[in-house]
Amino acid sequence: MGEIRTLKNFVNGKWVGSETKTFEDVLNPATEEVVARVPISTKKELDEAVEIASEAFQLWSNTAVPKRARILFKFQQLLMENKEDLARLITIENGKAYSEALGEVQRGIENVEFAAGAPSLTMGDSLSSIATDVEATNYRYPIGVVGGISPFNFPMMVPCWMFPMAIACGNTFILKPSERTPLLTEKLAELFKEAGLPDGVFQIVNGAHDVVNGILEHPEIQAVSFVGSEPVGKYVYQKGSENLKRVQALTGAKNHTIVLNDADLDETIRNVIAAAYGSAGERCMAASVVAVEEGIYDAFMEQLASEAKQLKMGNGLDEEVFLGPVIRKEHQQKTFDYIQKGVDEGATLVLDGREGIPSEGYFVGPTIFTDVTPEMTIWKEELFAPVLCVVKVKNLAAGVELANKSVFANGACLFTNSANAIRYFRENIDAGMLGVNLGVPAPMAFFPFSGWKSSFYGTLHANGKDGVEFYTHKKVVTARYATKDFK
Ligand code: NAD
């Protein structure tokens with residue numbers, strides 16, 4: 001094995017070694033191999049990046065919007081050309097199956113495509129006559145330096161919810177990627193620079209708590225986009241708001257799926273399996289609880305257990321593999337503890353993911369519990385692992401009532417052929433992202449994305465027009481003209 005590479009920070013368009021004494025190993029969770037070392041940078045290094053970002057803002061915010069957009073078009077083209085390499089990197093550092101990584105890269109690219117529409121997206125509005133000879137125009141402006149803090153589970157897609165739009169709007173951006181999956185962002189920075197982005201507009205400061213606190217405290221940082229777990233998101237929202245920043249914090253989840261008697265069984269099982277076990281359940285949109293109507297329950301359970309058992313586990317780079325590892329050994333152990341807790345609290349373990357796993361890598365097999373109640377830990381908490389809880393319900397109303405008991409409200413899905421049921425579900429369920437006859441209501445660049453309740457802190461969601469709103473502020477000019485006769 002060759003020497004292990006130490007990652008650098010991307011500051012002012014250059015790769016700069018960190019002065020920190022603390023480093024963490026970046027592991028391939030399928031092989032337990034150390035693939036790099038990431039610096040846990042200091043607050044001082046963050047402060048230096050902010051100073052550069054503030055300076056770069058003067059130039060970038062005054063760069064014509066179509067010129068900014070042209071750099072994003074070029075960036076999009078380079079991302080397309082490097083799609084396979086990017087996906088491979090994601091599988092290596094995160095563990096998800098290559099096909100899923102490729103899907104993630106595609107979602108990220110769509111964010112860049114959407115942001116390249118900045119000339120239309122950032123247009124203001126005007127009214128030629130708000131009073132006699134008086135008109136008003138609303139202009140949009142960038143807000144300044146923006147900080148982004150991202151999680152380990154989508155190393156490409158989640159940062160792409162943030163920086164392409166922030167930068168297209170004329171802001172400068174500092175990203176603190178997850179210290180567990182920092183490799184992909186390195187590639188994003190290189191390609192963005194190659195696309196012609198001026199130095200200092202996009203920077204990466206690797207690290208953990210100190211860099212996050214630096215972002216939340218620095219007076220020059222105007223807005224913070226956070227995606228990660230609920231306790232950290234709440235902290236980021238509270239501390240960032242206290243320091244008078246705009247904050248959007250997309251947090252944890254416990255997504256409910258409801259299956260009605262009239263659902264297409266084969267299609268439902270295929271979708272539920274992909275939603276519960278895809279990316280090893282490490283998705284904020286993963287199916288965690290399935291409420292199944294009485295009439296279809298037995299058939300559903302039989303087919304679910306039989307198909308889940310057959311899922312191929314292993315290294316995601318093997319194209320036949322569906323289920324990769326979870327991110328770290330600690331997370332594997334925590335999941336095993338949750339499984340034991342489920343058993344101890346009285347749920348029925350139908351399929352035990354602690355059994356039949358490879359000896360190398362942090363694997364958890366597909367797990368199924370039935371007889372789960374809302375009092376149980378496995379029902380209440382986000383497990384972020386391939387563990388599915390199944391509950392038998394009397395009808396749709398009971399399924400919705402159960403789902404609404406959760407403190408989380410990120411996504412919810414319904415499988416049915418009934419238009420009336422779909423409408424009832426839409427009007428009564430608490431969740432920001434709904435799926436009908438599909439398992440993962442995935443975030444799309446063009447629509448706002450986020451949950452409700454404890455799954456989100458803030459006002460403006462990520463993506464879509466909410467993204468433009470979040471990364472800009474407005475100025476309304478009211479102007480009076482003299483009535484003149486030019487004849
Ligand atoms: P995490 O909260 O552990 O980490 C997220 C980021 O916060 C990382 O960059 C990390 O370095 C930083 N961080 C962690 N602890 C911190 C602390 N005490 N102080 C300051 N910074 C800290 O989350 P994760 O494990 O990387 O990601 C998984 C979580 O992210 C899950 O809860 C998942 O639901 C959530 N997630 C949510 C969405 C969404 O759209 N709602 C999308 C993806 C992931």
Side-chain angles (χ1 to χ4, degrees), residues 26-33 35 87-105 107 151-158 178 180-181 183-184 227-229 252-255 257 270-290 304 307-339 342 351-369 378 381-389 410-411 439-440 442:
V26 182
L27 301 170
N28 178 333
T31 61
E32 305 185 21
E33 221 179 315
V35 289
R88 215 167 292 118
L89 259 183
I90 293 174
T91 298
I92 289 170
E93 66 176 345
N94 169 279
K96 69 178 71 173
Y98 177 73
S99 58
E100 300 218 17
L102 213 47
E104 175 182 348
V105 172
R107 293 282 94 77
F152 78 83
N153 65 326
F154 283 104
M156 165 132 185
M157 181 180 76
V158 169
S178 166
R180 289 180 281 181
T181 53
L183 298 181
L184 194 277
V227 178
S229 62
K254 191 80 186 173
N255 304 309
T257 295
R270 190 178 64 78
N271 277 283
V272 168
I273 284 190
Y277 304 124
S279 295
E282 292 175 328
R283 277 199 292 228
C284 66
M285 279 290 139
S288 319
V289 178
V290 185
L304 175 74
E307 292 193 21
K309 251 182 236 162
Q310 291 164 30
L311 296 177
K312 183 162 179 205
M313 225 183 307
N315 189 326
L317 289 178
D318 170 352
E319 283 191 15
E320 308 234 300
V321 160
F322 176 86
L323 184 55
V326 295
I327 191 73
R328 288 288 179 272
K329 191 164 191 59
E330 297 74 35
H331 191 44
Q332 180 195 41
Q333 188 52 51
K334 195 171 164 195
T335 309
F336 290 167
D337 295 346
Y338 271 128
I339 295 174
L351 194 60
D352 188 349
R354 295 171 295 186
E355 289 171 2
I357 50 174
S359 55
E360 185 182 68
Y362 315 128
F363 290 92
V364 178
T367 302
I368 302 172
F369 275 108
I378 54 168
E381 294 184 13
E382 180 182 44
L383 312 186
F384 223 54
V387 178
L388 185 61
C389 297
N410 214 30
V440 180

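From a predicted model like this one, the values you see are computed outputs, not experimental measurements. Just so you know, residue 1 is the first one in the sequence shown, and it goes up from there. Hydrogens, waters and symmetry mates are skipped; everything else that's a heavy atom, side chains included, is used.
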Nearest heavy atoms of [X] and [Y], plus distance in Å:
{"X": "Ala97", "Y": "Val321", "value": "CB-O, 3.7 Å"}
{"X": "Thr335", "Y": "Val387", "value": "CG2-CG2, 3.9 Å"}
{"X": "Gly95", "Y": "Pro325", "value": "O-CD, 3.4 Å"}
{"X": "His331", "Y": "Leu383", "value": "CE1-O, 3.5 Å"}
{"X": "Gly411", "Y": "Asn255", "value": "N-OD1, 2.8 Å"}
{"X": "Ala308", "Y": "Ile273", "value": "N-CD1, 3.7 Å"}

Judged by atom type as modelled, is there a donor-acceptor pair below 3.5 Å linking the side chain of [X] to the main-chain atoms of [Y]?
{"X": "Asn315", "Y": "Ala30", "answer": "no"}
{"X": "Lys96", "Y": "Asn153", "answer": "yes"}
{"X": "Glu93", "Y": "Val26", "answer": "no"}
{"X": "Lys254", "Y": "Ile378", "answer": "yes"}
{"X": "Glu382", "Y": "Gly252", "answer": "no"}

Does a side-chain heavy-atom distance below 4.5 Å link [X] with [Y]?
{"X": "Leu388", "Y": "Pro366", "answer": "no"}
{"X": "Phe336", "Y": "Ile357", "answer": "yes"}
{"X": "Val158", "Y": "Pro151", "answer": "yes"}
{"X": "Arg180", "Y": "Pro29", "answer": "no"}

Drop me the distance from [X]'s [atom1] to [Y]'s [atom2], to the nearest 0.5 angstrom.
{"X": "Phe363", "Y": "Gln332", "atom1": "CZ", "atom2": "CD", "value": "9.0 Å"}
{"X": "Phe369", "Y": "Ile339", "atom1": "CZ", "atom2": "CD1", "value": "6.0 Å"}
{"X": "Arg107", "Y": "Met157", "atom1": "CZ", "atom2": "CE", "value": "8.5 Å"}

_Set of residues satisfying salt bridge (charged side-chain N to carboxylate O under 4.0 Å, His left out) with respect to Arg328, sequence neighbours excluded_ =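 Residues passing salt bridge (charged side-chain N to carboxylate O under 4.0 Å, His left out) with Arg328: none at all.
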
Hey, can you pull the donor-acceptor pairs under 3.5 Å for the side chains in residues 277-287, sequence neighbours left out?
residue	atom	partner	partner atom	Å
Tyr277	OH	Thr367	O	3.0
Ser279	OG	Glu100	OE1	2.7
Glu282	OE2	Ile327	N	3.0
Arg283	NH1	Glu100	OE1	3.1
Arg283	NH2	Ala274	O	2.5

*Mind checking ring-ring contact (aromatic ring centres under 6.0 Å, His included) for Phe384 and listing every partner two or more places apart, or none if nothing turns up?*
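Applying ring-ring contact (aromatic ring centres under 6.0 Å, His included) to Phe384 gives Phe152.
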
